[in-house]
Protein chains: 2
Amino acid sequence: MTDTFVSNPSFFKLDATLKRIRNYWQKTFDAHKKDITVDQWLLIENLYKHKKITHNELARMTSKDITTVSRIIELLVKKELVVREGSPQDRRKVFLQLTQKGTDKYKEVRPLVLDMRKTGWAGLTEQDYTELTRILDAIYNNIP
Amino acid sequence: MTDTFVSNPSFFKLDATLKRIRNYWQKTFDAHKKDITVDQWLLIENLYKHKKITHNELARMTSKDITTVSRIIELLVKKELVVREGSPQDRRKVFLQLTQKGTDKYKEVRPLVLDMRKTGWAGLTEQDYTELTRILDAIYNNIP
DNA sequence: TTATATTAGTTGCTACTGCAACTATTGCTA
DNA sequence: TAGCAATAGTTGCAGTAGCAACTAATATAA
């Protein structure tokens with residue numbers, strides 16, 4: 001591997017791309033008055049798929065710090081999109097669930113997200129997707 | 001492009017990989033007592049390369065908001081790694097430059113960064129790098 | 001069974017992000 | 001040249017990120 005190669009700013013490119021996507025998503029949510037942030041959406045999406053999970057599990061699934069999840073959930077509870085429910089078996093645990101309003105929000109926002117993903121991948125192939133996944137996974141797993 | 005494909009969480013994978021890299025870099029900086037954050041490093045790196053630029057130019061180069069750059073620079077000035085110098089030609093502009101201490105910091109930290117890049121790319125080829133760049137650029141340019 | 005370790009979650013703190021509103025300065029145009 | 005638009009930068013605000021220290025509850029080991 002050449003030195004030029006190693007010096008190249010892949011970190012920067014990842015960061016720039018992600019920011020661009022995040023920005024686009026947020027602007028689209030705002031334009032459609034969805035009253036939601038990108039990260040709030042990510043939590044809702046996972047809660048929809050897994051129905052009833054704890055802060056910890058949600059944190060692992062979303063690659064977020066438990067602290068961060070706890071605070072985003074706080075906001076979602078205030079918006080009445082999520083309810084917290086203590087576990088009777090283990091009183092340390094708190095189960096999270098979408099409310100009806102939360103489920104409705106999911107169904108409202110999901111089409112926007114699908115559209116935006118299509119936009120982002122325009123002109124790219126499934127092969128490209130596989131490659132991207134492979135390379136990102138490799139980098140991820142290289143890091144101690 | 002299939003629906004399964006579009007539903008796949010590429011955003012999430014990008015985010016997770018970037019967080020992992022960022023975390024690894026920060027922990028390495030801390031372990032070597034470099035007293036610097038990853039984003040502070042990115043600004044220093046660009047100031048080293050471009051010597052004398054404004055907040056605006058630095059923001060464009062790093063894909064950061066001018067606001068963010070302004071505040072990170074504030075911290076770097078406090079650490080005496082950067083000096084601000086008003087432009088006599090255009091009194092709205094402020095030129096930024098590394099101090100000697102800032103230049104020293106750059107030279108101190110740079111080897112760590114090169115090592116970490118090598119670690120991240122272990123087992124991957126230049127071809128992989130080219131592919132990643134191509135795909136990320138395509139996504140970036142697809143976004144309106 | 002008591003002491004200790006582990007686990008779940010919250011709170012405090014510092015830093016990065018991005019929008020909106022603001023000041024100061026410069027450029028452009030009627 | 002007066003008036004307005006554009007540009008550079010800062011400040012206020014809300015949200016995300018992650019570490020450290022904390023509480024509460026559960027699990028484990030002497």
Side-chain angles (χ1 to χ4, degrees), chain A residues 11-12 15-31 34-44 53-60 62-79 82 84-96, chain B residues 11-12 15-31 34-44 53-60 62-79 82 84-96:
Chain A
F11 176 93
F12 168 71
D15 187 51
T17 307
L18 192 61
K19 266 183 197 150
R20 183 100 162 198
I21 298 173
R22 189 182 286 277
N23 209 265
Y24 171 48
W25 284 33
Q26 189 61 58
K27 277 182 167 36
T28 303
F29 289 168
D30 292 349
K34 294 306 179 194
D35 184 31
I36 210 179
T37 68
V38 174
D39 294 287
Q40 287 166 18
W41 163 254
L42 294 177
L43 294 202
I44 288 174
I53 50 181
T54 64
H55 291 75
N56 245 317
E57 289 163 341
L58 192 50
R60 264 194 300 276
T62 53
S63 272
K64 287 181 187 302
D65 199 273
I66 307 176
T67 313
T68 304
V69 168
S70 185
R71 271 168 215 171
I72 298 179
I73 288 295
E74 186 71 31
L75 295 176
L76 292 177
V77 167
K78 263 182 205 148
K79 290 182 183 176
V82 169
R84 297 195 223 232
E85 182 193 338
S87 161
Q89 282 78 34
D90 185 341
R91 282 161 49 208
R92 289 169 303 182
K93 284 190 185 174
V94 179
F95 287 115
L96 305 169
Chain B
F11 176 93
F12 168 71
D15 187 52
T17 307
L18 192 62
K19 266 183 198 153
R20 183 101 160 198
I21 298 173
R22 188 181 288 277
N23 208 265
Y24 170 48
W25 284 33
Q26 189 61 59
K27 278 182 165 39
T28 303
F29 289 167
D30 291 350
K34 294 307 179 194
D35 184 30
I36 210 180
T37 68
V38 173
D39 294 287
Q40 287 168 17
W41 162 253
L42 294 177
L43 294 202
I44 288 175
I53 51 181
T54 64
H55 291 76
N56 245 317
E57 290 164 340
L58 192 50
R60 264 194 300 276
T62 54
S63 272
K64 288 182 188 299
D65 199 272
I66 307 175
T67 315
T68 304
V69 167
S70 185
R71 274 177 254 221
I72 298 178
I73 289 295
E74 185 71 32
L75 295 176
L76 292 177
V77 168
K78 261 183 208 151
K79 289 181 183 177
V82 170
R84 295 196 225 234
E85 183 193 339
S87 161
Q89 282 77 35
D90 185 340
R91 279 162 49 210
R92 291 169 302 182
K93 284 190 185 174
V94 179
F95 287 115
L96 305 170

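Since the model is a prediction, treat every value here as computed from it, not as a measurement. Naming convention: chains lettered A, B, ... in sequence-line order (proteins, then strands); numbering from 1 in each chain.
When the C1' atom of C:dG18 is taken as reference, atom CG of A:D15 falls 14 Å away, rounded to whole Å. Rounding to whole angstrom units, CG of residue B:L58 and P of C:dT17 are separated by 12 Å. C:dC16 atom P lies 9 Å from atom CZ of B:R22, rounded to whole Å. With rounding to whole Å, B:R71 atom CZ is found 9 Å from C:dT17 atom C1'. The separation between A:E57 atom CD and C:dT7 atom C1' is 13 Å, rounded to whole Å. As a whole-Å value, the separation of A:R92 CZ from C:dA5 P is 16 Å. A:W25 places its CH2 atom 17 Å from the P atom of C:dC19, with the value rounded to the nearest Å. Protein atom CG of A:N56 is 5 Å distant from nucleotide atom P of C:dA8, rounded to whole Å.
For B:R91 against C:dG27, no side-chain N or O and base N or O form a donor-acceptor pair under 3.5 Å. For B:T37 against C:dC16, no side-chain N or O and base N or O form a donor-acceptor pair under 3.5 Å.
Side-chain atoms of A:T54 and A:N56 form no donor-acceptor pair, as typed in the model, at a separation below 3.5 Å.
Nucleic acid contact class of B:Q40 (heavy atoms, under 4.0 Å, all strands): sugar-phosphate only. Looking at heavy-atom distances under 4.0 Å, A:Q89 makes contact with sugar-phosphate atoms alone, never a base. B:V94 comes within 4.0 angstrom of sugar-phosphate atoms only, judged by non-hydrogen atoms across all strands, and of no base. B:T68 comes within 4.0 angstrom of a nucleotide base, judged by non-hydrogen atoms across all strands.
When all heavy atoms are compared, the tightest approach of A:V38 to A:R22 is CG2-O, 3.6 Å. Across all non-hydrogen atoms, the minimal contact from A:L42 to A:T62 is O-CG2, 4.5 Å.
Side chains of A:V94 and A:E85 form no contact here, defined as non-hydrogen atoms less than 4.5 Å apart. Within the 4.5 Å cutoff, no side-chain heavy atoms of A:T37 are placed close to those of A:L75. Side-chain contact between B:H55 and B:K64 is absent, with no heavy atoms from C-beta onward closer than 4.5 Å.
With DNA chain C read from its 5' end, the first of the two nearest nucleotides for A:H55 and A:N23 is the one closest to A:H55. Of the residues near DNA chain D, A:T67 and A:D90, the one whose nearest nucleotide (by heavy atom distance) lies more toward the 5' end is A:T67. Both B:V38 and A:K27 lie close to DNA chain C; mapped to their nearest nucleotides by heavy-atom distance, the more 5′-ward contact belongs to B:V38.
First and last contacting nucleotides of DNA chain D toward chain B (any atom under 4.0 angstrom from a heavy atom, 5' to 3' order): D:dA6 to D:dC19.
For the salt bridge (Lys or Arg N to Asp or Glu O under 4.0 Å) test, no residue two or more places apart in sequence or in another chain qualifies with A:E57.
Taking 4.0 angstrom as the limit, A:K19 places a side-chain polar atom (N or O) nearer than this to OP1 or OP2 of C:dT17.
The backbone N or O of A:Y24 lies less than 3.5 Å from a partner atom in the side chain of A:T28, making a donor-acceptor pair.
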